Amino acid sequence: MSSDEIRKRFLEYFEKRGHIIVPSSSLIPDDPSVLLTTAGMQQFKPYYGELDPMTTVHPSIGRPVGENVASVQRCFRTSDIDEVGDESHLTFFEMLGNFSFGGYFKKEAIRYGYDFVVNEMKLPIEYVTIFDPARVPGGDWRKEGVPFDQESYDIWKNEIGLSEEKIKREGVDNFWGPTGNEGPCGPTTELYVRSVDGKDIEVWNIVFNEFYCDKNRKLMRLKTPGVDTGMGLERLAMVVQKVPTIFETDLFVPLMAFIPEAMPTDRKLIFADHARGSAFLISDGVRPSNKEAGYILRRLLRRIIVHMYLEQNPGFDFRKLFETVVRNYKDFYPELDHETTVSVFEEENRKFRKTIANGLRELKKMPLVDGKSAFRLYETFGIPYEIIKELSDDKGKNLRREDFDKEFKRHQEISRAGQERKFGGHGLLLDTGELKAGNEEELKKVTRLHTATHLLHQALRDVLGNSVRQMGSDITVERTRFDYTLDRKMTPEEIKKVEAIVDEKVSAGLPVSFKELPLREAEKTGALHFFKAKYPSLVKVYYIGDSIEKAYSKEFCGGPHVNNTAEIGRVKILKDEASSAGVRRIRAAVD
Ligand code: SER
């Protein structure tokens with residue numbers, strides 16, 4: 001049975017049973033708490049408790065979806081990105097799923113799952129798993145207080161008639177969600193079938209969304225529990241088509257046929273996976289960049305480019321591989337866009353090839369690759385860490401991501417400290433990287449913004465907690481830009497609170513002063529300083545308030561600052577956006 005046929009049979013099966021068929025949503029979700037669409041439920045997440053599926057118009061079908069829906073969703077997961085190249089890991093995949101938002105629950109969901117696999121796909125069930133908290137190692141917050149899923153056990157045993165030994169109690173993998181910081185989640189039951197070479201393959205994950213997990217990781221029972229199921233098309237095709245790996249299914253054969261036989265297998269698999277993934281990401285509007293989805297795309301493209309480079313004469317034209325991807329999928333995913341995919345690829349190729357040769361030459365010269373040298377390659381040539389790791393082979397045996405990250409941070413600290421030292425000069429022409437001013441008037445403005453930034457920093461900590469740390473700042477005549485750690489978006493209420501606190505401190509007309517102290521003494525004042533390693537032996541502590549002990553804000557800082565907060569004027573938050581993983585970027589202006 002072809003993959004086209006499997007998709008069709010799946011959707012027809014559920015349509016006949018009262019499900020509305022909803023087209024796949026984009027790989028870039030509307031939900032700001034997640035980067036990419038990783039499961040079919042993503043576009044339906046609000047229907048589990050937030051929005052009414054009976055009355056909310058769904059944008060892609062132009063009417064409410066109702067209680068029961070089914071879809072084939074394009075998905076992208078980065079968790080296995082480094083494993084791509086072996087015989088089973090993928091970044092891009094498709095997920096078949098049926099969903100219910102208060103319509104049906106465990107009994108029907110399990111029956112449908114069983115019936116479709118056994119009677120439609122003609123695959124005997126090897127065994128199933130159900131959730132048992134006794135199998136969960138201690139300390140997993142998600143599963144605390146979640147009971148054994150007796151109901152699913154009884155359904156499998158009594159209604160379906162599976163023997164007891166085919167119903168396995170599991171913990172770790174049998175609880176799903178939430179995606180992002182909060183959302184629906186619950187126990188799962190999984191269906192396993194045997195592959196042609198005797199491996200047990202999980203084909204279907206049926207999630208019972210009984211809970212809502214809030215931002216504080218508290219589980220609450222959902223008023224209307226729901227069903228969320230996911231079956232990976234590639235794996236299903238592998239067992240249905242009785243081939244030992246996903247790369248031998250009809251989803252990959254046309255791509256693999258295009259790549260010369262003689263190429264090393266891992267390289268072929270990387271090409272095939274990354275060509276699919278990048279064609280879909282680009283068609284969904286992602287462009288290579290250094291952050292978020294753009295960075296993921298860049299990693300895929302650069303990995304392709306490096307491997308093409310290493311292959312010297314790969315014997316095929318990458319544009320044609322994209323063409324094959326588009327041809328294979330266009331019927332089902334009309335949004336696939338060959339021309340854009342090729343032009344984005346070529347642009348990245350042009351840019352990256354220029355530096356690759358130099359970077360690789362450098363890499364060859366290195367006797368060993370450690371965090372430091374890897375960082376240098378990254379900084380000088382733009383070769384992503386993952387590719388350095390991959391290409392350094394034995395030389396990079398001991399290279400660890402943490403070492404690379406440490407080096408990265410150290411580098412940031414050094415440049416920051418350098419800026420602060422420069423700043424001590426108090427010259428009129430300021431361009432420290434952090435503050436920029438060209439004349440007296442501009443200097444006044446950036447100085448007001450600088451003090452405002454200190455207030456903002458403390459106010460953020462007041463509202464969001466002391467785990468908030470400064471990650472960087474940049475001040476121009478127009479605005480201050482401040483990066484800080486937070487793994488979510490601030491709510492509009494929180495933003496208002498922060499503004500109100502800053503306002504209050506401005507209105508209070510607090511004096512702003514500094515003390516120059518030996519590093520140790522300065523540390524003892526409790527002043528904020530996040531760039532430990534690189535301070536000189538004598539540092540300035542700027543504080544806002546009557547005395548350093550009672551100050552509202554204290555920070556290690558080179559200045560300059562206003563003398564009194566009243567000089568700042570009204571501070572307005574203009575924007576708060578994601579900067580990188582776990583880091584937010586706020587922009588604020590003064591009148
Ligand atoms: N959301 C679940 C999964 O991704 C079921 O669809 O496995």
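Just so it is clear, the structure is predicted and the values come from calculations on it, not from any experiment. Counting starts at 1 for both ligands and their atoms, following the listed order.
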Exercise for the section: Anything under 30° is parallel, anything over 60° is perpendicular, the rest tilted; go ahead and classify W156 against Y114. Expected result: perpendicular
Practice task
Heavy-atom distances under 4.0 Å are what count here, so tell me which part of T229 touches ligand 1: side chain, backbone, both or neither.
Solution key: backbone
Exercise for the section: Apply the side chain to side chain contact (heavy atoms under 4.5 Å, CB included) test between H274 and each candidate in L269, L300, L301; give the one that qualifies. Expected result: L300
Practice task
Could you tell me whether F99 and ligand 1 have an N or O pair separated by under 3.5 Å?
Solution key: no
Exercise for the section: Could you list which atoms of ligand 1 come closer than 4.0 Å to a heavy atom of M95? Expected result: 3 (C), 4 (O), 7 (O)
Practice task
Mark yes or no: R74 above the aromatic ring of Y333, with NZ or CZ under 6.0 Å from the six-membered ring centre and no more than 45 degrees from the axis.
Solution key: no
Exercise for the section: Identify, by atom number and element, the atoms of ligand 1 in contact range of A39, meaning under 4.0 Å from any of its heavy atoms. Expected result: 1 (N), 4 (O)
Practice task
Say whether Y484 and D576, considering side chains only, have a donor N or O and an acceptor N or O under 3.5 Å apart.
Solution key: yes
Practice task
Could you tell me the residue and atom name of the protein heavy atom closest to atom 7 (O) of ligand 1, and the distance to it rounded to 0.1 Å?
Solution key: N205 ND2, 2.9 Å
Practice task
Would you mind running through ligand 1 and noting each atom that sits below 4.0 Å from a heavy atom of D228?
Solution key: 1 (N), 2 (C), 5 (C), 6 (O)
Exercise for the section: Would you kindly specify which portion of V207 sits under 4.0 Å from ligand 1, judged on non-hydrogen atoms: side chain, backbone, both or neither? Expected result: side chain
Practice task
Any chance you could lay out the ring pair (Phe, Tyr, Trp, His ring centres under 6.0 Å) test for F322 and F345, step after step, and finish with the verdict?
Solution key: CA-CA 10 Å; F322 283 130; F345 170 75; 5.4 Å; yes
Exercise for the section: Determine whether the side chains of Y13 and D115 contain a donor N or O and an acceptor N or O closer than 3.5 Å. Expected result: yes
Exercise for the section: Could you tell me which atoms of ligand 1, counted from 1 in the order shown, lie closer than 4.0 angstrom to a heavy atom of G230? Expected result: 5 (C), 6 (O)
Exercise for the section: Specify the protein heavy atom at minimum distance from atom 2 (C) of ligand 1: its residue, its atom name, and the distance to 0.1 Å. Expected result: W176 CE2, 3.4 Å
Exercise for the section: Look only at interatomic distance and state if R77 has a nitrogen or oxygen under 3.5 Å from any nitrogen or oxygen of ligand 1. Expected result: yes
Exercise for the section: For H307 and F318, run ring pair (Phe, Tyr, Trp, His ring centres under 6.0 Å): C-alpha distance rounded to whole Å, both residues' side-chain angles, the deciding distance at 0.1 Å, then the answer. Expected result: CA-CA 11 Å; H307 281 287; F318 220 88; over 10 Å; no
